[in-house]
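Presented below is the structure to which this report refers.
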Amino acid sequence: MDKHYDAKAAEAKWYSFWEENGCFHDEPGEGAPYSVVIPPPNVTGILHMGHALNQTIQDILVRWRRMQGKNTLWLPGTDHAGIATQNVVEKALKKEGKHRQDLGREKFLERVWQWKEQYGGTIVHQQRKLGNSTDWKRERFTFDEGCSKAVVKVFRQLFDEGLVYKGNYIVNWCPRCGTALANDEVEHEPNHGHFWYVRYPVVGSEKGVKGEPYADYVMVATTRPETLPGDTAVAVNPKDERYAHLLGKRVILPLTGREIPVIADDYVDREFGTGIVKITPAHDPNDFLVGKRHDLEQINIMNGDGTMNELAGEKYVGMGRFDCRKAIVADLEEGGYLDHIEDIDNQVGHCYRCHEVVESRLSKQWFVKMKPLAEPAIAAVKSGEVKFVPDRWSKIYFNWMENIQDWCISRQLWWGHRIPAYYIRGNASEEGAANSEQVFVAESAEEALEQAKKATGNAALTLADLEQDPDVLDTWFSSWLWPFSTLGWPEKTKDLDYYYPTSDLVTAQDIIFFWVARMMMAGIHFMGKAPFKNIVIHGIVRAADGSKMSKSKGNSLDPLELIEMYSADALRFSIALITSLDCDTKVNKEKFEIGRNFTTKIWNAARFLEMNTPQEGFSPIAGPLTADEKHILLATDKACRKISGILENYRIQDGALAVYDFFWTQICDWYVEYAKDAPDKNRAFAILRDVFFKALKLLHPYMPFVTEEVAHQLGYLKEGESIMREKFPEGYSEEEKAAWGLDEQVYDFVEKKREAITALRALRAEYKVAPAAFVNVTVATDDARAAAEAESLKKAMRAETVDFVPAGSDLAMPSKMTAFGTVYLSLEGLVDKAAEAKRIAGEIAKITGFIKSSEAKLANENFVSHAPEAIVAEAKRKLQENKEKVAQLEKLAKLFICLRNCLYEK
RNA sequence: GGGCUAUUAGCUCAGUUGGUUAGAGCGCUUCCUUGACAUGGAAGAGGUCAGUGGUUCGAAUCCACUAUAGCCCACCA
């Protein structure tokens, strides 16, 4: 083996080997499978730390289950990401000085597909670098033929069920992008704005002259005076006594002269502003709801591009909304309606894409009625059919699902699944086909034509008479079908039958609502079964200071760079080790050294084993084994059992820790050191060889590349074989354990022995005994097995002699008490430190403190009678031990005083 | 405003149903390089578990309140 591990070469070699040999591929078979669908990244995306974490967790689970022998499918793919992708292509067009309108819909879409073919594979290639064992033969795209078919089918079905409807609704609207935005696509930012206090004269009151107050008016505070022409009421709180007299009266809307009612609604906050609110149902979401409750007219005064229309008043037509604001304010002042202006700080929504100020706009959009879909999805989690891991996320899920709002699914984009709704040409209103009332929802234009013929009684209609709704569907409308559309639905495929419902869904907390909850609803509604059994939610990877990673902040780490620097295994292992499911993870570059160092350790340990492999090979493990040999076999057995149990519970981090500790501490630090000087080296190394392969297999889900490479280098596997096809170790059989004489007592005995060795090392360090010096050691113990360990102790302690005396022997030498026995270090002939006396006094004080607290505890009647026997016995034993320790230290103190005296005499 | 979560060593975090003197990694201190590995080895220092009160024989762990931080939802015209 080479002195250094070449991660890059190994990663490239093994990934293509696995892929070419179908190691990732699965076909329906016998028995319950393990299946997972990947959260599809945006096709425009590049791999970031969030993906690295998310996919590492999935790959660990997937590789582990596959090695357990289950049929295992991890299905990859990408999301067409409507707005994001369209934006990328529009930007490219802009460089050519073109706009999408210049190309027209068809040509533009061609361009997007071209872009997708050329660059869309970026993230998919990057994912391979991570070592993902995804079944690339089944890679899907939310906009591919099959997924698109599923989308149309679902839309049609929901429409027929009355769950999809077209409605007037206030949506967040970006005037620049010309599309509705989902709530999450709006970014609220602090804004320094103004409150304009405007007087609305009460009908019937005397009109004042220009510039003077009206005799009777209501004062309204608004941040958006340009919407004033759309007001259809003013509202007060029903409990507000100040304004009780106004109820039922009407006021005059300034500049228009229109009369509007004064209404009472709980929505109005008495404390805020003047306590009187103007109600503009077409331009504010809250006002919209108030308007619904009071049956108010909705006056839409704005065009889609943010300019004013004729309903705003002749004077303002064609003005931009902000120019119009200025004009209206000026006119209000002119007319004497403006009382005063106040500076305020508020929040204003911006488009997450182009940063334009978002407008609330009344428009016709398509919606999905969510309540009927949500109910069974809530029930599935309540009943335990589907579990959240960690469980606390179920609360958040319920909270959202129980207060669910209808889902606006139409987007005014071109890149996406076009809404399968058709209208008779010419019926469309000015705002486009979406406003036509006569709509035919069908899976094809031909089918829609049949419907139209039937509905109109006009058999002469042709396809040319129909036009399709121009809008496309929200991207989530395809991703919510992901767990079954990717398996072939609506066709009844073998895959669908075998792999659905999937086993685990692994994702970050930020898309529980947008994606997870909706998949639950779609899965139950269309498949009759929830789409997965467990929803594993992990945190977000954050920068070292706890802030979110973002390119613009420059605080993001690039997983590909980390792979380049430390290797994919290092990235995977480190991230698994430092991430707990329960909270976000803060990372910096240095953290990934953990994994890099561990990789090096594995490589070097493998080299050591290789160097010690006899030419003729190892003989089978037989004969009476030494305690250390039994111990490592038991430790291996424990590790195997422990790790599967840990992974069953998704404790990825604990698993990483366990396997790290097993390999580094148990194998490298202790067993390898033992094996170097073992009485029967061939047997010791035969055991090491066996244990080592098990360790590699345990490690494989975390570190696929180095484990595969080492397994081949050491000859565990022949060419053409893969560690991926090995069985995940389950520990040794009862027969093996019996044959080798493995039992817990031996394990504990070796643990104790190690304690003695550590104690001696500590004594050497404390008394500054040169590392190379041979020392004389005495151990006071009654353990009958001790004598057999004299040789191994001598080596581990670098001792000239190791003598045993009965426990309780009282020697005047520096000592440490251990579970094995009291270890004494003879200082004769070695450097001494007179100042030790002081240190010992400190130690005596410390232990005396413990003794006092133990004595107090044992004197406590309540403790003795209530606590379990074992606890009481343990307390007594500890007390006794501490007492002995103090006695020993006191003796030692005397010795040091004596030594010091001797020194002084010199 | 409503909800959720966190607060344990200098830093990042474990701590399973309450049970001896609270752990790991990194960092720090001391020592060790012809030895598989200095990307290493040995030893060590460092914590009144955010605070207060309660339940209990016993609390980092359970309960209440307080403080601080973070996240989500709804957002004030």
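Lettering follows sequence order; numbering is per chain, from 1. Quick note: numbers below take in every heavy atom, side chains included, and nothing from hydrogens, waters or symmetry partners.
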Suppose you measure atom [atom1] in [N] against the same atom in [M]; what distance do you get, rounded to whole Å?
{"N": "U8(B)", "M": "C49(B)", "atom1": "C1'", "result": "4 Å"}
{"N": "U39(B)", "M": "G44(B)", "atom1": "C1'", "result": "23 Å"}
{"N": "U33(B)", "M": "A42(B)", "atom1": "P", "result": "15 Å"}
{"N": "U61(B)", "M": "A6(B)", "atom1": "P", "result": "13 Å"}
{"N": "U12(B)", "M": "C71(B)", "atom1": "P", "result": "16 Å"}
{"N": "C57(B)", "M": "G18(B)", "atom1": "P", "result": "15 Å"}

Scan [X] against the nucleic acid and name what it touches under 4.0 Å (heavy atoms): base, sugar-phosphate only, or nothing.
{"X": "Thr758(A)", "value": "sugar-phosphate"}
{"X": "Arg798(A)", "value": "nothing"}
{"X": "Arg596(A)", "value": "base"}
{"X": "Arg224(A)", "value": "nothing"}
{"X": "Phe598(A)", "value": "nothing"}

*OP1 or OP2 of G15(B) sitting under 4.0 Å from any side-chain N/O of Arg651(A)?*
yes
*Under 3.5 Å, is there a donor-acceptor pair linking the side chains of Glu342(A) and Tyr197(A)?*
yes
*Between Asp661(A) and Thr665(A), do the side chains contain an N or O donor and an N or O acceptor separated by less than 3.5 Å?*
yes
*Taking only residues at least two apart or on different chains, which pairs with a member in residues 224-233 of chain A satisfy salt bridge (Lys or Arg N to Asp or Glu O under 4.0 Å)?*
Arg224(A)-Glu226(A), Arg224(A)-Glu359(A), Glu226(A)-Arg325(A), Asp231(A)-Lys278(A)
*Within this structure, what is the CG-to-C1' distance between Leu289(A) and A77(B), rounded to whole angstrom?*
14 Å
*In whole Å, what is the span from the CD1 atom of Ile757(A) to the P atom of G41(B)?*
17 Å
_Output field: ring centroids Phe663(A)/Phe692(A) closer than 6.0 Å_ = yes
*When the aromatic ring centroids of Trp603(A) and Tyr5(A) are compared, is their separation below 6.0 Å?*
yes
*Reading RNA chain B 5' to 3', what string of ( ), [ ], | and . shows its pairs, if Watson-Crick and G-U wobble pairs count only when both distances fall under 3.5 Å?*
(((((((..((((.....[...)))).(((((.......))))).....(((((..]....))))))))))))....
*Determine, step by step, whether Tyr702(A) and Tyr660(A) satisfy the ring-ring contact (aromatic ring centres under 6.0 Å, His included) criterion, reporting the C-alpha distance in whole Å, the side-chain angles of both residues, the deciding distance to 0.1 Å, and the verdict.*
CA-CA 10 Å; Tyr702(A) 288 90; Tyr660(A) 182 85; over 10 Å; no
_Evaluate Lys816(A) against Glu755(A) for salt bridge (Lys or Arg N to Asp or Glu O under 4.0 Å), listing each step before the verdict._
CA-CA 10 Å; Lys816(A) 288 220 184 270; Glu755(A) 208 187 312; over 6 Å; no
Closest to the [X] side chain, choosing from [options]:
{"X": "Val277(A)", "options": "A77(B), A42(B), C4(B)", "value": "A77(B)"}
{"X": "Asp654(A)", "options": "A14(B), C73(B), A43(B)", "value": "A14(B)"}
{"X": "Lys395(A)", "options": "A14(B), U5(B), G3(B)", "value": "U5(B)"}
{"X": "Asn286(A)", "options": "A43(B), C72(B), C76(B)", "value": "C76(B)"}

_Does the Lys NZ or Arg CZ of Lys676(A) fall within the cation-pi geometry relative to Phe608(A) - under 6.0 Å from the ring centre and within 45° of the axis?_
yes
*Spell out protein contact along nucleotides 22-38 of chain B as letters: B when the base is contacted, S when just the sugar-phosphate is, - when no protein heavy atom is under 4.0 Å; keep the 5' to 3' order.*
--SS-----SS---BB-
*Lys642(A) atom NZ: more than 12 heavy-atom contacts under 6.0 Å*: no
*Pair Lys8(A) + Glu564(A): basic N to acidic O under 4.0 Å*: yes
